[in-house]
Protein chains: 2
Amino acid sequence: MVSSTQQLSAHKIRTTEIRIAVLNLFLENKQALSKQDIEQFLPNQDRITLYRTLKTFEDKGLIHRVINSSNILKYALCSDSCSHDYHNDQHIHFECTNCRQTTCIENVPLPKLTLPKEYLVQNLELTVSGLCKDCK
Amino acid sequence: MVSSTQQLSAHKIRTTEIRIAVLNLFLENKQALSKQDIEQFLPNQDRITLYRTLKTFEDKGLIHRVINSSNILKYALCSDSCSHDYHNDQHIHFECTNCRQTTCIENVPLPKLTLPKEYLVQNLELTVSGLCKDCK
DNA sequence: TTGTATATTGCAACGATGTTGCAAAAACAA
DNA sequence: TTGTTTTTGCAACATCGTTGCAATATACAA
Ligand SMILES: [Mn+2]
Ligand SMILES: [Mn+2]
Ligand SMILES: [Zn+2]
Ligand SMILES: [Zn+2]
């Protein structure tokens with residue numbers, strides 16, 4: 001059990017009120033959060049500071065972007081292996097078409113893929129949509 | 001060989017100057033185009049009219065959205081099977097990390113995927129990034 | 001071809017959002 | 001505690017998505 005304060009220090013991020021609050025949100029929710037989501041949870045925070053908080057978290061390897069079909073940018077917690085100079089977030093994302101909750105699926109391997117040889121494949125981004133446990 | 005004018009009529013879209021120009025762009029380019037891309041090709045067009053043109057094309061089944069990792073919305077031509085009440089655009093998208101060109105890959109089937117049974121899978125969105133023929 | 005119903009355009013306007021600069025405040029390390 | 005460095009909160013600006021509306025263009029029937 002690692003506290004958000006310890007986690008910030010480990011990533012060389014100064015512990016401030018908003019950073020602890022935002023990181024706690026991610027730790028408690030276990031799903032991807034949009035800037036809007038966060039603003040609803042933390043209504044009295046300055047939007048520019050929140051913008052910079054998310055940027056810092058992304059730069060330092062605490063969170064990664066989650067692209068979804070509605071083109072709303074969300075963020076989710078990174079695994080421990082991400083750091084300020086290396087992100088390692090190759091996994092499937094699942095988006096519920098009903099409740100719109102978006103989660104990282106860590107325990108299903110990405111499929112192998114063979115493209116025509118004119119393409120050099122470097123990375124896969126796979127978002128699955130459907131119904132989550134609560135909505136189906 | 002179907003002209004852009006015929007294609008618009010077939011989708012019950014009135015043929016206007018900007019619609020013909022935009023559709024021709026897609027027909028000539030064979031890759032996904034962002035609103036910015038289109039504005040560069042058609043510099044004298046009103047941005048609101050372009051916005052509505054793309055919305056109409058999407059609604060009527062002429063183009064579909066292409067999500068990419070940089071979160072820039074692009075559009076690409078639909079196959080003939082798309083119409084105003086049904087989009088059928090399940091295919092892989094490829095984005096070159098060097099030139100940023102994004103293309104639809106129609107002739108490679110989407111991989112099969114098995115998720116834990118708490119999820120009901122409805123749709124896959126797969127974007128592959130790497131180097132295109134010209135850039136590798 | 002012409003007239004009319006209907007759809008589209010161009011512009012103003014507004015809100016939401018991303019981004020930067022800067023001075024005041026806070027965090028950190030000695 | 002003190003000095004240095006980072007962060008915050010606010011103003012400011014650009015960009016973008018979106019809607020309303022009056023003028024204009026399109027389609028089609030007469
Ligand atoms: Mn993830
Ligand atoms: Mn496509
Ligand atoms: Zn759900
Ligand atoms: Zn390329």
Side-chain angles (χ1 to χ4, degrees), chain A residues 3-25 32-75 84 100, chain B residues 3-25 32-75 83-85 100:
Chain A
S3 75
S4 51
T5 310
Q6 290 172 311
Q7 206 162 330
L8 289 172
S9 307
H11 285 263
K12 309 213 193 262
I13 304 173
R14 288 197 179 183
T15 61
T16 68
E17 188 186 329
I18 188 174
R19 288 172 175 175
I20 295 170
V22 171
L23 182 51
N24 277 334
L25 267 189
L33 298 173
S34 67
K35 216 166 287 187
Q36 275 198 352
D37 294 335
I38 299 173
E39 279 170 353
Q40 290 198 341
F41 282 114
L42 307 173
N44 296 320
Q45 298 290 347
D46 181 66
R47 77 178 181 96
I48 290 101
T49 306
L50 174 59
Y51 160 76
R52 285 194 269 225
T53 298
L54 293 172
K55 195 162 162 32
T56 300
F57 281 10
E58 191 186 4
D59 289 346
K60 302 282 183 171
L62 266 180
I63 60 177
H64 63 274
R65 288 164 182 240
V66 178
I67 312 290
N68 57 13
S69 57
S70 38
N71 213 32
I72 294 172
L73 179 57
K74 296 189 175 189
Y75 294 91
H84 75 100
R100 290 290 152 194
Chain B
S3 75
S4 50
T5 309
Q6 291 172 312
Q7 206 161 333
L8 289 172
S9 306
H11 285 263
K12 307 211 193 264
I13 304 173
R14 288 198 178 180
T15 60
T16 68
E17 188 187 330
I18 188 174
R19 287 172 175 174
I20 295 170
V22 171
L23 181 51
N24 277 335
L25 266 189
L33 298 172
S34 67
K35 216 164 286 187
Q36 275 198 353
D37 294 337
I38 298 173
E39 280 170 353
Q40 291 198 341
F41 282 113
L42 307 173
N44 296 321
Q45 299 290 347
D46 181 65
R47 76 178 182 97
I48 289 101
T49 305
L50 175 58
Y51 160 77
R52 286 193 269 224
T53 298
L54 293 172
K55 194 163 164 30
T56 300
F57 281 10
E58 191 185 4
D59 289 347
K60 303 283 185 171
L62 266 180
I63 59 176
H64 63 272
R65 288 165 182 241
V66 179
I67 311 289
N68 57 13
S69 58
S70 38
N71 212 34
I72 294 172
L73 179 57
K74 296 189 175 189
Y75 294 92
S83 68
H84 75 101
D85 53 14
R100 288 291 151 194

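Letters A, B, ... mirror the listed sequences (proteins, then strands); counts begin at 1.
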Between [atom2] of [N] and [atom1] of [X], the distance in whole Å:
X        : N       : atom1 : atom2 : result
Leu23(B) : dT8(C)  : CG    : C1'   : 17 Å
Leu54(A) : dT7(D)  : CG    : P     : 14 Å
Ile38(A) : dT17(C) : CD1   : C1'   : 15 Å
Arg14(B) : dT24(D) : CZ    : P     : 17 Å
Lys35(B) : dC16(D) : NZ    : P     : 9 Å
Leu50(A) : dT7(D)  : CG    : C1'   : 14 Å
Arg19(A) : dT6(D)  : CZ    : P     : 11 Å
Ile20(B) : dT9(C)  : CD1   : P     : 11 Å

Q. Hey, is the main chain of Ser34(A) close enough, under 3.5 Å, to the side chain of Asp37(A) for a donor-acceptor pair?
A.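 Judged by distance alone, yes, a pair lies under 3.5 Å.
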
Q | N/O donor-acceptor pair under 3.5 Å between Asp59(A) side chain and Thr56(A) backbone | A |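 Checking the backbone N and O of Thr56(A) against the side chain of Asp59(A), no donor-acceptor pair under 3.5 Å is found.
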
Q. What's the verdict on salt bridge (charged side-chain N to carboxylate O under 4.0 Å, His left out) for Arg47(A) and Glu39(A), showing C-alpha distance, side-chain angles and the deciding distance?
A. CA-CA 8 Å; Arg47(A) 77 178 181 96; Glu39(A) 279 170 353; over 6 Å; no

Q.
Both Thr16(B) and Thr15(A) contact DNA chain C. Which one's nearest nucleotide lies toward the 5' end?
A.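 Nearest nucleotide further toward 5': that of Thr16(B).
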
Q | Of Lys55(A) and Glu39(A), the one whose closest DNA chain C nucleotide lies more 5' | A |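 On the 5' side of the pair lies Glu39(A).
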
**Q.** Toward the 5' end of DNA chain D, by each residue's nearest nucleotide, Arg47(A) or Thr56(A)
**A.**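 By nearest-heavy-atom nucleotide position, the 5'-most residue is Thr56(A).
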
Q.
Whether Gln36(A) contacts dA16(C) is assessed here as follows: a side-chain N or O lying under 4.0 Å from the phosphate OP1 or OP2. Is that the case?
A.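 It does not, given that no N or O in the side chain of Gln36(A) lies less than 4.0 Å from OP1 or OP2 of dA16(C).
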
(Q) Strictly below 4.0 Å: does Tyr51(A) bring a side-chain N or O up to OP1 or OP2 of dT17(C)? (A)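 False: Tyr51(A) side-chain N/O out of range (4.0 Å or more) of dT17(C) OP1/OP2.
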
**Q.** Residues that Asp46(A) engages under side-chain hydrogen bond (donor to acceptor under 3.5 Å, both in side chains), provided they are two or more places apart
**A.**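 Asp46(A) satisfies side-chain hydrogen bond (donor to acceptor under 3.5 Å, both in side chains) with Thr49(A) once adjacent residues are dropped.
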
Q. If you check the Asp46(B) side chain, which of dG10(C), dG18(C), dT8(D) turns out closest?
A.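 My answer, after comparing the listed nucleotides, is dG10(C).
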
Q) To the side chain of Thr49(A), which of dT9(C), dT8(D), dC10(D) is closest? A)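 Shortest atom-to-atom distance from the side chain points to dT8(D).
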
Q.
Categorize Glu17(B) for me: base, sugar-phosphate, or nothing, with a 4.0 angstrom heavy-atom threshold over every strand shown.
A.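 Since no nucleic acid heavy atom lies under 4.0 Å of Glu17(B), the category is nothing.
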
Q: Starting from the C-alpha separation in whole Å, work towards a yes-or-no answer on side chain to side chain contact (heavy atoms under 4.5 Å, CB included) for Leu73(B) and Arg65(B).
A: CA-CA 7 Å; Leu73(B) 179 57; Arg65(B) 288 165 182 241; 3.7 Å; yes

Q | Side-chain donor/acceptor contact of Arg52(B) with base of dG10(C) under 3.5 Å | A |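 Donor-acceptor pair under 3.5 Å: yes.
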
